[in-house]
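In this chain, residues are counted from 1 in sequence order.
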Amino acid sequence: MRIIFDGEMLAADLKRYFVFLQIEKGLSRNTILSYRQELDKWGAFLEEKNLHHLEADEDDVTEFLMHHSAQGQAQSSQSHLLSVMRSFFHYLVGEEKVDENPASPIPFPKKWKLLPKYLTIDQVSELLELPDTKTPFGERDKAILEVMYATGLRISEVSGLTVESTYIEEQFLRVMGKGNKERVVPFGEKARQ
């Protein structure tokens with residue numbers, strides 16, 4: 001006989017799991033938030049089925065994933081959801097709360113490889129000329145765009161730059177990227193100006 005849903009126990013296991021993701025795995029706050037949103041859906045599913053999370057099997061996980069697939073989720077969203085489920089159950093296996101990961105045997109949906117979208121040289125030139133460099137904000141915006149174009153940094157990486165992480169004369173930046181990993185990124189003369 002299966003154990004019925006226990007919201008307090010699920011909440012406690014999720015809380016420990018999120019701490020594990022932050023401290024042991026070094027995942028960013030945004031990544032953990034996205035995991036939390038997916039696992040909140042899982043919790044709602046378990047509550048609706050009156051099913052304990054430690055009793056869930058492959059059929060339960062498959063039913064949950066199919067339910068969300070039927071709501072028109074993109075394949076990338078379905079893959080992310082399955083990835084989160086696998087990670088959570090992997091954690092529970094490591095904590096010896098379950099014997100096996102019921103999400104492991106479930107295959108990821110096949111994804112089409114899409115070619116990356118990019119701007120043409122003319123579009124980049126037009127973009128770089130948009131800021132009004134007669135104002136301080138315009139100069140700042142132009143500098144941000146030049147740095148992004150010269151280095152390929154993500155918006156979140158550029159917004160995290162500080163005076164201390166910028167080496168103007170040496171023409172490089174110390175950047176904190178995904179997973180709080182620091183790297184050195186060079187830039188050219190145009191961006192330095």
Side-chain angles (χ1 to χ4, degrees), residues 14-42 68-69 71-88 90-91 94 103 107-193:
L14 287 173
K15 184 176 181 182
R16 285 190 292 273
Y17 172 64
F18 297 133
V19 169
F20 166 79
L21 291 178
Q22 181 182 12
I23 294 172
E24 298 291 324
K25 293 289 190 179
L27 297 184
S28 74
R29 197 172 69 223
N30 287 341
T31 300
I32 293 170
L33 178 61
S34 78
Y35 276 47
R36 182 184 304 272
Q37 289 169 340
E38 299 292 30
L39 289 168
D40 283 348
K41 295 174 193 172
W42 172 240
H68 284 283
S69 172
Q71 292 180 344
Q73 271 192 338
Q75 282 185 340
S76 59
S77 297
Q78 293 172 35
S79 291
H80 182 256
L81 184 57
L82 177 56
S83 178
V84 170
M85 297 297 296
R86 284 185 178 183
S87 174
F88 179 55
H90 181 75
Y91 166 78
F108 282 99
K110 295 202 186 294
K111 284 201 288 192
W112 291 96
K113 296 248 183 207
L114 299 176
L115 294 175
K117 294 182 180 175
Y118 60 90
L119 299 175
T120 65
I121 292 172
D122 290 340
Q123 289 171 324
V124 170
S125 296
E126 189 177 323
L127 180 65
L128 292 174
E129 295 306 317
L130 283 177
D132 179 7
T133 55
K134 295 181 185 108
T135 69
F137 290 123
E139 284 187 33
R140 178 205 60 196
D141 293 347
K142 172 104 174 168
I144 289 171
L145 291 171
E146 287 285 357
V147 167
M148 289 178 72
Y149 181 62
T151 61
L153 293 178
R154 297 177 187 91
I155 292 171
S156 60
E157 293 171 329
V158 172
S159 66
L161 289 175
T162 62
V163 172
E164 292 79 24
S165 64
T166 307
Y167 297 82
I168 300 289
E169 294 307 315
E170 296 84 357
Q171 292 181 239
F172 74 87
L173 305 166
R174 273 190 3 253
V175 178
M176 196 61 70
K178 284 188 167 184
N180 285 334
K181 293 187 177 117
E182 187 178 79
R183 67 184 198 280
V184 173
V185 179
F187 57 86
E189 180 61 25
K190 187 88 170 157
R192 186 185 73 79
Q193 291 171 7

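Qualifying side-chain contact (heavy atoms from CB on, under 4.5 Å) partners for Q123, counting only residues two or more places apart in sequence or in other chains: L119, T120. With sequence neighbours excluded, the residues satisfying salt bridge (Lys or Arg N to Asp or Glu O under 4.0 Å) with K41 are E38. The salt bridge (Lys or Arg N to Asp or Glu O under 4.0 Å) test applied to R154 returns E157, not counting sequence neighbours. Applying the salt bridge (Lys or Arg N to Asp or Glu O under 4.0 Å) rule to E182 yields the partners R174; only residues at least two apart in sequence or on another chain are considered. Considering only residues two or more places apart in sequence or on other chains, Y91 meets the ring pair (Phe, Tyr, Trp, His ring centres under 6.0 Å) condition with Y17, F20. In this structure S83 satisfies the side-chain contact (heavy atoms from CB on, under 4.5 Å) test together with F108, sequence neighbours excluded. Under the side-chain contact (heavy atoms from CB on, under 4.5 Å) criterion, D40 pairs with R36, not counting sequence neighbours. Partners of T166 according to the side-chain contact (heavy atoms from CB on, under 4.5 Å) rule, which considers only residues two or more places apart in sequence or in another chain, are I168, L173. With sequence neighbours left out, the side chain to side chain donor-acceptor pair (under 3.5 Å) criterion links S125 to no other residue.
Rounded to the nearest 0.5 Å, atoms CG (L33) and CZ (F18) are 9.0 Å apart.
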Could you pull out every donor-acceptor pair under 3.5 Å between side chains of residues 137-152 and any protein atom, sequence neighbours left out?
unit_1 : atom_1 : unit_2 : atom_2 : d
K142   : NZ     : L128   : O      : 3.0
T151   : OG1    : V147   : O      : 2.6
T151   : OG1    : L153   : N      : 3.3

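The shortest side-chain heavy-atom distance between V84 and W42 does not fall under the 4.5 Å cut-off. Looking at F88 and L14, their side chains come closer than 4.5 Å, going by heavy atoms from C-beta outward.
Within the structure, salt bridge (Lys or Arg N to Asp or Glu O under 4.0 Å) pairs that include any residue of residues 22-35 do not occur (at least two apart or interchain). The ring-ring contact (aromatic ring centres under 6.0 Å, His included) analysis of residues 168-193, with sequence neighbours excluded, yields the pairs Y167-F172.
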